[in-house]
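Heads up: the structure comes next, in structure tokens.
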There are 2 protein chains.
Amino acid sequence: MSILTSDNIQAIRCAVDHALDQAATVTLPNFRQPLAVANKAQTGFDPVTEADQQAEQVLRDCLMAALPEAGFLGEENSRPSAGDAIAALAIDPAVQSQLTWVVDPIDGTRAFITGLPLWGTLVGLNDGQDVLFGALDQPWTQERFLGWDGHAECVHQGGTRPLSTRDYRPLTECIVQTTTPDMFTTSTTQKQFRSVRDAVAMTRYGGDCYAYALLAMGGIDAVIESSLQPYDIQALIPIVHGAGGVITQWSGEPCLDGGSVVASANAKLHEQLLTLLQNAHTDTT
Amino acid sequence: MSILTSDNIQAIRCAVDHALDQAATVTLPNFRQPLAVANKAQTGFDPVTEADQQAEQVLRDCLMAALPEAGFLGEENSRPSAGDAIAALAIDPAVQSQLTWVVDPIDGTRAFITGLPLWGTLVGLNDGQDVLFGALDQPWTQERFLGWDGHAECVHQGGTRPLSTRDYRPLTECIVQTTTPDMFTTSTTQKQFRSVRDAVAMTRYGGDCYAYALLAMGGIDAVIESSLQPYDIQALIPIVHGAGGVITQWSGEPCLDGGSVVASANAKLHEQLLTLLQNAHTDTT
């Protein structure tokens, strides 16, 4: 049972929309700017890190203005500043104090650097047990993926459509995505990843957070990743759940803390993937 | 010396723009359509192959109407049909007969299937020695990359900007992209690929034809691929050249026939990559 009412959620959505719009005014002018990137080598100025930090500051200011009693966890360790001019939401301070914003201003920094429009700004709101609201914003393609309370939708250039994962199909017909084979850094996780790769029809690389959006849109059957931080994954959990998918650690435990994560289009496939991953793990120990 | 005048090129550009606009009316309605894709398993109807074939037919009709005496090479082996209603261009039939359209209606079919907006429609025009005009169209993001005669530009949602590759930087600072490590299918090509991957700062996966667009935009330093067909690469050659890059086979030979291809942001880097690839090849033989 969520501690937020549906009115609370709508107010939170408006606050998150505002925060993401503001963050995009920082990230977009730094995307695909070869001259600015060239500066990095010559002057030590890193425009991507700069954009990352500035965007997180903007998100922090907006989101903390909306819920002044909530906690905040960001990738860039920003600190409170002057704050945003928007008013706090009418949500009981005792409820607010149980909530934490979890933010990654630019998930997929390497995609960002190379000009690939598959990075995203991630905002999640958790109550310590579960993520109650999540957003993935890709401002260059103008796609905003939102999930809360069993619903997920995509707003694209003004239009909104519900998100829905794929129905079950056998492993041999499945498409799995992972950002890079290089993210599996131990021999055990490599073996576990290979056990999935060898069982499915197709493995695709690249995508970062956008892979979870493809899953929620019904384009792929699963995402399998490792070495994730809480701010890499929390915002995506309600989007995957809301679209009908399942997302856990490879052990089957909740994945709020990140680590090795598998997201599947449906519960039946998820069971099969967990079995594959756990069998491959047992074989090596 | 090109056999086409600059007036010829402008006329060809208009014909290609028209053909790509028409092809997009076939590809876009089939992109991100989970219901249509679900049909495939149940009925044997393959909407992606269908879109691929229909788009090639549209391209053939438009392009052959513009240059009736030219040749045509497409991925889908389409045949001449009723034709497009546009008039033939005012280009000498003797010149036309030396030209061939080379077309891939959906390059990156796997990206297309999964919903990733990194596939492209490719159109090149060669004179048997060189590709005189090339276009990569990504209709969902509304990006059209064009190259001819030492120029390259991107048209995005109505605006046009010139394309320019990165300046030289040492290998240890370079970003290299390849569609998937699985495209290197022999032990020799795997070893050659690893010799590059181990020498550079970062290797990114995914992208198909879009990787060459990132190169032309200055986002990455090189693309390295294998097992390419002529229709996978010809349209991209004038875009890479026009943006200031170099593109050849791994042997340094021209890459009109596809095969193992490397594209670099500048001549100095290209020399270094060719040396790496050839040394790794020599080591294994």
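Convention: sequence-line order gives letters A, B, ...; per-chain numbering from 1. All values reported here derive from a predicted model rather than from experimental measurement.
Between A:His156 and B:Trp140, the ring planes are parallel. Angles under 30° get that label, and only those over 60° would be called perpendicular.
In this structure, chain B has a heavy atom under 4.5 Å from the side chain of A:Arg204, while its backbone stays farther away. Only the side chain of A:Leu118 comes within contact range of chain B, with heavy atoms under 4.5 Å apart. Heavy-atom distances place both the backbone and the side chain of B:Ala111 under 4.5 Å from chain A. Of the atoms belonging to A:Asp221, not a single heavy atom falls under 4.5 Å from chain B.
No side-chain heavy atom of B:Pro117 sits under 4.5 Å from any side-chain heavy atom of A:Pro117. When side chains are defined from C-beta on, A:Tyr205 does not count as touching B:Thr179, because their heavy atoms never get closer than 4.5 Å.
For A:Asp167, the CG atom sits in a loose shell: 12 or fewer heavy atoms of surrounding residues, nucleotides or ligands are nearer than 6.0 Å. The environment of A:Arg110 atom CZ is sparse: at most 12 non-hydrogen atoms of other residues, nucleotides or ligands sit within 6.0 angstrom.
Distance check, rounded to the nearest 0.5 Å: CG of A:Leu116 to CD of B:Gln177 gives 6.0 Å. Taken from CD in A:Gln142 to CD in B:Gln157, the straight-line distance is 6.5 Å, to the nearest 0.5 Å. For the atom pair CD1 of B:Ile220 and CD1 of A:Ile113, the computed distance is 12.5 Å after rounding to the nearest 0.5 Å.
Considering all non-hydrogen atoms of both residues, A:Leu214 and B:Thr114 come closest at CD2-O, 3.3 Å.
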